[in-house]
Amino acid sequence: MSARHFLSLMDCTPQELLGLIRRGIELKTLRNRGVLFEPLKNRVLGMIFEKASTRTRLSFEAGMIQLGGQAIFLSPRDTQLGRGEPISDCAIVMSRMLDAVMIRTFAHSTLSEFAAHSRVPVINGLSDDLHPCQLLADMQTFFEQRGSIQGKIVAWIGDGNNVCNSYIEAAQQFDFQLRIACPEGYEPHAKFLAQAADRVTIVRDPREAVAGAHLVSTDVWTSMGQEEETAKRLALFKPYQVNRALLDQAAADVLFLHCLPAHRGEEISEDLLDDPRSVAWDQAENRLHAQKALLEFLVEPAYHHA
Ligand code: CP
Ligand code: NVA
């Protein structure tokens, strides 16, 4: 199949990623100026959600509508995917009717298998392994506030999860140093670490990771699908809370990001999202603009009139 997919940040070149960030910023300005821009008129995005979502669903659905197209929400509960129809068959059929498909799922192999049988672009809306769309928004937010992230120090505090894995790929693609502070046994998967050995350092002490950092990011301690581990994780991750005192160890102009949803009192202190160093609300909004840039990049332009 010849369609271009976005399952990982590694599916784009560094130049393409920078282009997407720049375009996301432009599309944000157009929207703020009230300019109608509908290059995806009559185009339809299918959105398969096997896990819950607020931001990802809203940003893709609103984004498609704003670009002149439409989005269809598909839950495994009411499609044949949930009743055991093979992923390959679903991909063949869906991609004959849709112009792109976004999937939020558990095993990353579901995405790869769907993409292998899809005629149209497939976008990773989060898997157990990666969350590349989140990183588009995170990078756009840093660029808007501080310019290039090349050569900067980024600290990831907490679980070596899907968002952390995408930070590892971002460290390669955007050329920054990533320090990950996590408890033993909760490191990112070795395959992601191996591909970025020269960009990533693992430490145990969050203060060591944050020292002099230009960007600090964290995420929930229990990701979707790990709910039965919650009590154990709450105890283990306690020393990894990001709070104002920890941010004080970072560079004076540090930015704080959280992909949300946040659990105040757990991975962040009650007051952290109110701290002037936090730009988490801009980051959440940028999901919309960054993904509109991605949709414009991946989806064919509008049909011609007969
Ligand atoms: N950050 C993020 O992906 O949020 P949702 O789970 O609400 O989509
Ligand atoms: N790591 C989290 C991210 C949610 C956006 C999860 O997978 O649940």
Side-chain angles (χ1 to χ4, degrees), residues 9 17-18 21-22 24-25 28 55 131 134-161 163-183 186-188 196 198-221 237-287 289-290:
L9 289 180
L17 290 173
L18 286 174
I21 304 303
R22 264 185 234 116
I25 294 171
K28 184 174 186 173
R55 281 144 287 269
H131 196 4
Q134 183 65 54
L135 263 289
L136 291 181
D138 289 25
M139 292 297 102
Q140 177 173 333
T141 309
F142 189 91
F143 274 74
E144 281 174 346
Q145 303 275 342
R146 300 282 184 265
S148 173
I149 198 163
Q150 187 170 29
K152 303 282 187 200
I153 300 168
V154 177
W156 175 268
I157 310 298
D159 191 20
N161 63 15
V163 180
C164 178
N165 291 335
S166 282
Y167 263 89
I168 294 174
E169 295 195 337
Q172 293 167 263
Q173 298 289 63
F174 291 92
D175 193 19
F176 58 78
Q177 287 297 322
L178 179 64
R179 297 191 198 134
I180 298 167
C182 62
Y186 292 85
E187 295 83 6
D198 58 335
R199 300 291 162 82
V200 183
T201 319
I202 307 266
V203 296
R204 297 290 165 228
D205 182 354
R207 283 166 306 184
E208 193 183 335
V210 160
H214 305 98
L215 171 63
V216 174
S217 187
T218 191
D219 185 12
V220 291
W221 291 338
F237 281 90
K238 223 177 164 61
Y240 292 86
Q241 184 186 80
V242 183
N243 51 39
R244 285 180 162 157
L246 185 68
L247 280 193
D248 289 345
Q249 310 290 311
D253 64 346
V254 68
L255 291 177
F256 173 72
L257 294 178
H258 189 313
C259 63
L260 307 177
H263 291 68
R264 291 174 177 81
E266 294 180 21
E267 78 277 359
I268 54 164
S269 53
E270 297 285 345
D271 55 2
L272 201 67
L273 296 182
D274 305 318
D275 189 283
R277 294 168 288 190
S278 170
V279 282
W281 306 127
D282 290 333
Q283 173 190 11
E285 179 189 330
N286 284 339
R287 294 292 304 278
H289 310 298

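Along the sequence shown, residues carry numbers from 1.
Proximity of Y167 to V200: side-chain heavy atoms (C-beta onward) are nowhere separated by under 4.5 Å. Taking the side chain as every heavy atom from C-beta outward, K152 and F142 approach each other to under 4.5 Å. Within the 4.5 Å cutoff, the side chain of I180 has heavy atoms near those of the I168 side chain. Using a 4.5 Å heavy-atom threshold, the side chains of Q134 and R55 count as separate. Contact check for R244 versus L272: side-chain heavy atoms found under the 4.5 Å cut-off. Counting heavy atoms from C-beta on, the side chains of I202 and P188 come closer than 4.5 Å. Side chains of I21 and F174 form a contact here, defined as non-hydrogen atoms less than 4.5 Å apart. Between D219 and H131 there is no side-chain heavy-atom pair separated by less than 4.5 Å.
Here the CD1-CG distance, from I153 to L215, works out to 11.0 Å after rounding to the nearest 0.5 Å. Once rounded to the nearest 0.5 Å, the distance linking CG of D175 with CD of Q150 reads 4.5 Å. Atom CG of residue D138 and atom OG of residue S166 lie 9.5 Å apart, to the nearest 0.5 angstrom. Separating the CD atom in Q145 from the CD atom in Q283 is a distance of 11.0 Å, to the nearest 0.5 Å. The distance from the OG1 atom of T201 to the CD atom of E208 is 9.0 Å, given to the nearest 0.5 Å. Distance check: Q140 CD to R22 CZ gives 12.0 Å after rounding to the nearest 0.5 Å.
N286 contributes no side-chain N or O that, together with a main-chain N or O of H289, makes up a donor-acceptor pair within less than 3.5 Å. A distance-only check finds a donor-acceptor pair linking the side chain of R204 to the backbone of C182 [under 3.5 Å]. Between the Q173 side chain and the L9 main chain, a donor and an acceptor come within less than 3.5 Å of each other. With hydrogens and angles ignored, the 3.5 Å screen pairs a side-chain donor or acceptor of T218 with a backbone N or O of I157. At distances below 3.5 Å, at least one donor-acceptor pair connects side-chain atoms of T141 with backbone N or O atoms of A137.
Here the closest heavy-atom approach between residue A290 and residue L136 is recorded as CB-CB, 3.8 Å. Closest approach of I149 and F176 over heavy atoms only: O-CB, 3.5 Å. Considering every non-hydrogen atom in both A213 and A250, the closest pair reads O-CB, 3.5 Å. Heavy atoms only, all atoms of each residue included: V210 and R179 are closest at C-NH1, 4.2 Å. The nearest pair of heavy atoms linking E270 to D274 is O-OD2, 4.4 Å.
Legend: residues meeting ring pair (Phe, Tyr, Trp, His ring centres under 6.0 Å) with Y186, ordered by chain and number and at least two apart, are F237.
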**Message:** Could you walk me through whether R277 and D248 satisfy the salt bridge (Lys or Arg N to Asp or Glu O under 4.0 Å) test, starting with their C-alpha distance in whole Å, then the side-chain angles of each, then the deciding distance to 0.1 Å, before giving a yes or no?
**Reply:** CA-CA 10 Å; R277 294 168 288 190; D248 289 345; 2.8 Å; yes
Would you mind writing out the side-chain donor-acceptor pairs for residues 251-265 within the sub-3.5 Å range, not counting sequence neighbours?
| residue | atom | partner | partner atom | Å |
| --- | --- | --- | --- | --- |
| H258 | ND1 | L260 | N | 2.8 |
| H258 | NE2 | E267 | OE2 | 2.7 |

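When the shell of 6.0 Å around CZ of R146 is examined, it contains more than 12 heavy atoms from other residues, nucleotides or ligands.
Looking at R199 and E169, no side-chain N of the basic residue comes within less than 4.0 Å of a carboxylate O on the acidic one, giving no salt bridge.
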